[in-house]
Amino acid sequence: MTAPSPRTVLVAGSANLDFVVRAAHAPAPGETVLGRELATYPGGKGANQALACARAGAAPTRMLLALGADAHAGPIERSLRDGGVELIVRRCNERATGTAFVCVADDGENAIVVAPGANAALRGDDLPALDGVGWLLLQLESPLDAVAAWARQARAAGVAVALNAAPAQALPRALLADIDLLIVNEGELSALTGLADLDAALAAVRVPRVVVTLGARGCLARVDGARLRQDAFAVEAVDTTAAGDTFCGALVAALAGSEAFAHALRRACAASALACTRPGAQTSVPSHAEVEALLHTAEGPDFVGGTSVPMPSGQVAAI
């Protein structure tokens, strides 16, 4: 195993095999919808974010994950290793590899049900040594007590902690106190704070840096008291399944690579937009070269150091 670089990102979290069916629309409660083709793709929020981080090219990436001793584990391991992610695998003979059942509608939106399987076996003491790790990236598809323990260990070791608080759930104050960067969508932010107003909810979270993804409207961030807005990049959406995970991985990779926060938001939005243009979870995550190409062909002002300067990008504005 190679020694971690000082800017290494360690992702601890879930890995699933996704069973994806396309349909005209996702079923409403009590409704049966006739779908079309079925395909399987490696997925899981943790694994998707690890692959996005590795493909971003700014930081070496490792991942702690749990897999069953079954055929579903193979495609997940191959996808991550082929993408440049160094794996720390907890093998669970008593549990199946995690799976997700995804309905993708013709407009690109999706509905997902997850069977955690081996993901539920991860424990707080599974976290490897953090020597040389710069960022720990977490999600909430792992047991909450394990996530809290990992964040606490990272805080004690001086490692920055990013939490993508998804799926939405109530979080203990002690966990939030150990978080340096919180990434949520509007629904998750509302669930966390109990507030419907976006500005009020953003102000209420007691975390130094908070990013709220807004779908086709881009994202909004509060960074050490200042607010930044990044518009979305216009693309033709095919499948939004991994858009949020791609955003998280690309953002943390950029920060681990010492990019300014506003520039990291711009890069994450570009990567997320590209992930919407093809089907699947990990199969949709773009490469560093693809993100660079989009950034250099898009036009608009970029926000740098509190002023607006002309640079090729989607729009970033102070608000």
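Both backbone and side-chain heavy atoms feed into the values below; hydrogens, waters and symmetry mates do not.
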Mind listing the side-chain donor-acceptor pairs of residues 248-257 below 3.5 Å, one per line with the distance, residues two or more places apart or on another chain?
none

**OP:** Taking side chain to side chain donor-acceptor pair (under 3.5 Å) as the test, write out the residues that go with E109, two or more places apart.
**Re:** none
Original post:
Got a sec, which pairs hit ring-ring contact (aromatic ring centres under 6.0 Å, His included) with one end in residues 185-225, sequence neighbours left out?
Top reply: none
**OP:** Quick one: list whatever passes side chain to side chain donor-acceptor pair (under 3.5 Å) with S190, sequence neighbours left out.
**Re:** none
Subject >> Contact list for residues 45-82, test ring-ring contact (aromatic ring centres under 6.0 Å, His included), sequence neighbours left out >> reply: F19-H72
Original post:
Do side-chain atoms of N48 reach the backbone of L51 as a donor and acceptor pair under 3.5 angstrom?
Top reply: no
Original post:
Which residues pass the side chain to side chain donor-acceptor pair (under 3.5 Å) test with Q169, sequence neighbours left out?
Top reply: none
Subject >> Under 3.5 Å: donor-acceptor pair, side chain of R90, backbone of A121 >> reply: yes
Original post:
What ring-ring contact (aromatic ring centres under 6.0 Å, His included) pairs are there with at least one residue in residues 182-220, not counting sequence neighbours?
Top reply: none
Subject >> Separation between CZ of R22 and SG of C103, rounded to the nearest 0.5 Å >> reply: 9.0 Å
Subject >> Residue pair N16, N119: steps toward the side chain to side chain donor-acceptor pair (under 3.5 Å) verdict >> reply: CA-CA 8 Å; N16 302 321; N119 294 308; 2.8 Å; yes
**OP:** Rounded to the nearest 0.5 Å, what's the gap from CZ on R229 to CG on L220? Could you check?
**Re:** 6.0 Å
**OP:** May I ask whether L195 and V211 are part of the same hydrophobic cluster, defined by side-chain heavy atoms of I, L, V, M, F, W, Y residues being less than 4.5 angstrom apart, directly or through others?
**Re:** no
**OP:** Mind listing the closest non-hydrogen atom pair of T61 and A50 along with its distance?
**Re:** CG2-O, 3.6 Å
**OP:** Look at D199 together with R222 and state whether they make a salt bridge at an N to O cut-off of under 4.0 Å.
**Re:** no
Original post:
Quick one: do R267 and E292 make a salt bridge, cutoff under 4.0 Å?
Top reply: yes
Original post:
Taking only residues two or more places apart in sequence, or in another chain, which ones meet R217 in a side chain to side chain donor-acceptor pair (under 3.5 Å)?
Top reply: E186
Original post:
Which ILVMFWY residues are connected to V113, directly or by a chain of links, through side-chain heavy atoms under 4.5 Å apart?
Top reply: none
Subject >> Straight-line distance of T8 OG1 to R62 CZ, nearest 0.5 Å >> reply: 7.0 Å
Original post:
Is the number of heavy atoms from other residues, nucleotides or ligands within 6.0 Å of CD (E236) greater than 12?
Top reply: no
Subject >> Nearest-0.5 Å distance that lies between atom OG1 in T241 and atom CZ in R278 >> reply: 13.5 Å
**OP:** Evaluate whether atom CZ of R173 has more than 12 neighbouring non-hydrogen atoms of other residues, nucleotides or ligands under 6.0 angstrom away.
**Re:** no
**OP:** Locate the shortest heavy-atom distance separating R209 from W135; write the atom from each residue and the value.
**Re:** NH2-CH2, 3.7 Å
Original post:
Where do G83 and A54 come nearest, in terms of heavy atoms and distance?
Top reply: O-CB, 3.4 Å
Subject >> R36/D106 under salt bridge (charged side-chain N to carboxylate O under 4.0 Å, His left out): CA gap, chis, key distance, verdict >> reply: CA-CA 11 Å; R36 299 192 297 277; D106 285 344; 2.6 Å; yes
Original post:
Which pair of heavy atoms, one from A118 and one from L67, lies closest together, and at what distance?
Top reply: CB-C, 3.7 Å
Original post:
What is the distance from atom CG of L175 to atom CD1 of I179, rounded to the nearest 0.5 Å?
Top reply: 4.5 Å
**OP:** Hey, could you give me each pair passing ring-ring contact (aromatic ring centres under 6.0 Å, His included) that has a residue in residues 144-183? Not counting sequence neighbours.
**Re:** none
**OP:** Give a yes-or-no answer on whether the side chains of T240 and N110 include a donor-acceptor pair shorter than 3.5 Å.
**Re:** yes
Original post:
Between CG of D197 and CG of L189, what distance do you get to the nearest 0.5 Å?
Top reply: 10.0 Å
Original post:
Would you say the side-chain atoms of T283 pair up with the backbone N or O of P279, donor to acceptor, closer than 3.5 Å?
Top reply: yes
Subject >> Whether over 12 other heavy atoms sit under 6.0 Å from L38 CG >> reply: yes
In a table with atom names and distances, give each donor-acceptor pair under 3.5 Å that connects a side chain of residues 137-148 to protein atoms at least two apart or in another chain.
residue	atom	partner	partner atom	Å
Q139	NE2	Q49	OE1	3.2
E141	OE1	S14	OG	2.5
E141	OE1	K45	N	3.1

Subject >> Nearest heavy atoms of G44 and D245, plus distance in Å >> reply: O-OD2, 4.4 Å
Original post:
So, H263 versus Q230: side-chain donor-acceptor pair below 3.5 Å or not?
Top reply: no
Original post:
Which pair of heavy atoms, one from A165 and one from L182, lies closest together, and at what distance?
Top reply: CB-CD1, 3.9 Å
Original post:
Apart from V102 itself, which Ile, Leu, Val, Met, Phe, Trp or Tyr residues share its cluster (side-chain heavy atoms under 4.5 Å, direct or through members)?
Top reply: V20, Y41, V104, I112, V114
Original post:
Taking atom types as modelled, is there a side-chain donor on N185 or T213 under 3.5 Å from an acceptor on the other?
Top reply: no
